[in-house]
Amino acid sequence: LQGSAAQRRAVVGSLTDLFLRLTAFVDRYRAEVASVRIEPVAVLVGGAVEVREACVTVTDAYQRSLEAPPAVRRSADRG
């Protein structure tokens with residue numbers, strides 16, 4: 001990472017946010033997520049980060065949960 005300390009902190013903060021959001025998704029659907037691949041992550045000139053390509057592979061359980069009636073999905077989310 002180049003730039004001032006403040007710029008480096010901003011980039012690290014953006015990366016942290018990106019990975020926290022991803023881990024929150026994986027944590028919520030851990031039974032349904034089979035694998036995660038992210039490549040590459042781009043650091044933009046302004047310090048923001050962007051995932052250029054990502055692949056989250058889910059199991060059939062995820063598809064079934066999407067097809068379930070809304071009341072069933074809500075009770076499963078509480079589980």
Side-chain angles (χ1 to χ4, degrees):
L1 296 173
Q2 297 180 1
S4 68
Q7 290 170 323
R8 290 192 302 273
R9 274 193 299 276
V11 169
V12 170
S14 294
L15 287 168
T16 301
D17 182 55
L18 170 80
F19 290 117
L20 282 174
R21 286 184 279 131
L22 176 64
T23 55
F25 174 83
V26 171
D27 184 55
R28 180 171 182 186
Y29 297 103
R30 68 177 59 191
E32 293 89 353
V33 173
S35 66
V36 177
R37 186 184 74 222
I38 299 174
E39 52 183 79
V41 174
V43 178
L44 305 177
V45 174
V49 295
E50 177 179 282
V51 174
R52 295 295 170 108
E53 185 175 329
C55 178
V56 177
T57 305
V58 295
T59 63
D60 292 340
Y62 186 77
Q63 181 65 33
R64 287 192 303 273
S65 74
L66 294 177
E67 294 169 351
V72 173
R73 281 193 303 246
R74 282 193 297 274
S75 67
D77 285 346
R78 288 187 219 118

Under the side chain to side chain contact (heavy atoms under 4.5 Å, CB included) test, residues paired with Gln7 that sit two or more places apart: Ser4

Partners meeting side chain to side chain contact (heavy atoms under 4.5 Å, CB included) with Ala5 (sequence neighbours left out): Arg8, Arg9

Leu20 reachable from Val26 in the ILVMFWY side-chain graph, under 4.5 Å edges: no

Qualifying side-chain hydrogen bond (donor to acceptor under 3.5 Å, both in side chains) pairs, either residue in residues 13-22, two or more places apart: Asp17-Arg21

Distance-only donor-acceptor hits, side chain of residues 35-46, under 3.5 Å, sequence neighbours excluded:
unit_1, atom_1, unit_2, atom_2, d
Ser35, OG, Thr57, OG1, 3.2

Sequence neighbours excluded, every pair satisfying salt bridge (charged side-chain N to carboxylate O under 4.0 Å, His left out) that has a member inside residues 54-63: none

Glu32 backbone acceptor or donor facing Thr59 side chain under 3.5 Å: yes

Where at least one partner belongs to residues 35-55, residue pairs that pass ring pair (Phe, Tyr, Trp, His ring centres under 6.0 Å), sequence neighbours excluded: none

Ring pair (Phe, Tyr, Trp, His ring centres under 6.0 Å) contacts in which one or both residues fall within residues 38-63, not counting sequence neighbours: Tyr29-Tyr62

By side-chain hydrogen bond (donor to acceptor under 3.5 Å, both in side chains) - contacts of Arg52 (at least two apart): Glu50

Under the side-chain hydrogen bond (donor to acceptor under 3.5 Å, both in side chains) test, residues paired with Thr23 that sit two or more places apart: none

Taking every non-hydrogen atom, the tightest pair across Val49 and Leu18: CG2-CB, 4.2 Å

